[in-house]
Amino acid sequence: MPPLLEVRALHTEFRTGAGLVRAVDGISYTVEPGETVAIVGESGSGKSVSALSILRLIPDPPGRITNGEILFDGKDLRRLTEPEMREIRGRDIGMVFQEPMTSLNPVLTIGRQITETLEQHQGVDRAAADRRAIELLELVGIADPARRLKQYPHQLSGGMRQRVMIAVALACNPKLIIADEPTTALDVTIQAQILELMKTLARRFNVAQIIITHNLGVVARYAARVNVMYAGRIVESGPADAIYHAPRHPYTMALLRSVPRLDRPRQARLDPVDGQPPDLTRLDGGCAFRPRCRFAVERCGQEQPALEPVEGGHLAACFRSTELLASQDVAA
Ligand SMILES: Nc1ncnc2c1ncn2[C@@H]1O[C@H](COP(=O)(O)OP(=O)(O)O)[C@@H](O)[C@H]1O
Ligand SMILES: [Mg+2]
């Protein structure tokens, strides 16, 4: 079976006062039907821009997709008209964003947020849409759905609002859900509940997911594969297990030391990734991680390492990935 989504050499740029920002600088990856893929990286690494590019929601100006292909379910999304894209958004691709307070409409009831999508994409009548809305709220674990339908977003807790977002995303039986930092605004216990819920529902309905997060600690349980982004590029990509237990890029190793992990003692020390994320308007021809990298050698300043296989299905963009394997002090 072909992948559900294939992103090929995607480039998205912004023209800003400070200069040209190559927010997404040639990323390629695939998502198989029903598969959950995580995109991980620090703030500013291009995760959201990469997702918004797939949905063709990049504000132009200042942004523009300048190159690449986005093949989704047999269609090249870059070639679709805006009305065709509107059909795909919300119907074939569901979306869950970080702050449901801004993505839910504050003046519409919970019920209306859901029925609006159903009426727009599936042409169902109001009564059928209401019945489906109740069913969806039950699915996402909201008690007393008939009463909740009549409430407004501000009457719900953050966790409940995120459940509503998931209900909206699932309403039209999408093939893919893109969740951009879906739990970042929530406290840790609720985060786990929401991620569990997404995992259960994705399995049950065979929906593929792209989960975007800056927390590499949470993804291992929820994603089959992980793409690590740095400065607009994928610097490491592979099965979650390999990324977790045998990372081959110094940035991934640093990220792993910076997040709480479920497979390590709770008191293990957390180190923030040293140094600052790069200024994307001032990248040179070398590896963008070089100034923060304790493994850097001269070559790293001269050429940009390509993303290359280090092992079956595991890729890394680092000239020193072989030496890194020997030096795995990530467990320390
Ligand atoms: N509308 C915009 N105008 C100018 N620059 C933008 C815009 N949106 C994003 N960027 C830039 O693109 C880069 C990547 O941003 P983003 O994808 O939001 O990062 P992440 O989601 O990984 O935190 C950042 O340098 C950001 O400043
Ligand atoms: Mg973001």
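Nothing fancy with the numbering, it's 1 onward along the sequence. Please read all numbers here as calculations on a predicted model, not as lab measurements. Counting convention: from 1, in listed order, for ligands and their atoms alike.
Atom 15 (O) of ligand 1 lies below 4.0 Å from at least one non-hydrogen atom of the protein. Distance check on atom 26 (C) of ligand 1: every protein heavy atom falls at or beyond the 4.0 Å cut-off.
Looking at Met198 and Ile166, their side chains come closer than 4.5 Å, going by heavy atoms from C-beta outward. The shortest side-chain heavy-atom distance between Ile134 and Leu149 falls under the 4.5 Å cut-off.
Within ligand 1, counting atoms from 1 as listed, the ones closer than 4.0 Å to a heavy atom of Thr16 are 4 (C). The ligand atoms of ligand 1 that sit less than 4.0 angstrom from a heavy atom of Ser43 are 23 (O). Each of the atoms 13 (C), 25 (O) of ligand 1 lies under 4.0 Å from some heavy atom of Leu280.
In this structure, a donor-acceptor pair under 3.5 Å is present between the side chains of Arg112 and Thr115. Residues Tyr230 and Arg292 bring a donor and an acceptor atom of their side chains to less than 3.5 Å of each other. Donor-acceptor pairing under 3.5 Å is lacking for the side chains of Asn215 and Thr213. Judged by distance alone, the side chains of Gln151 and Arg148 do bring a donor and an acceptor atom under 3.5 Å apart. If you check the side chains of Tyr222 and Gln209, you find no donor sitting under 3.5 Å from an acceptor. Side-chain contact check for Thr81 and Glu84: at least one donor-acceptor pair (N or O, by modelled atom type) lies under 3.5 Å. A donor-acceptor pair shorter than 3.5 Å cannot be found between the side chains of Thr30 and Glu6.
Counting non-hydrogen atoms of other residues, nucleotides and ligands closer than 6.0 Å to NZ of Lys150 gives a total of 12 or fewer.
Ser48 CB, 3.7 Å is the protein heavy atom nearest to atom 18 (O) of ligand 1. Taking atom 12 (O) of ligand 1 as the reference point, the nearest protein heavy-atom neighbour is Ala23 CB, 3.3 Å. The shortest contact between atom 1 (N) of ligand 1 and any protein heavy atom is with Phe14 CE2, 3.6 Å.
Using a 4.0 angstrom heavy-atom cutoff, Gly44 counts as in contact with ligand 1. For the pair Gly46 and ligand 1, a heavy-atom separation below 4.0 Å is found.
Residue-to-ligand polar distances place Lys47 within reach of ligand 1: an N/O pair is separated by less than 3.5 Å. Every N/O-N/O distance between Pro59 and ligand 1 stays at or above 3.5 Å.
Proximity of Pro62 to ligand 1, defined as any heavy-atom pair under 4.0 Å, is confined to the side chain (atoms from C-beta onward). Within the 4.0 Å heavy-atom criterion, the part of Glu42 lying near ligand 1 is the backbone and not the side chain. With a heavy-atom cut-off of 4.0 Å, Val49 touches ligand 1 through backbone and side chain alike.
Residue Gln98: no N/O/S atom is found under 2.8 Å from the Mg ion (ligand 2).
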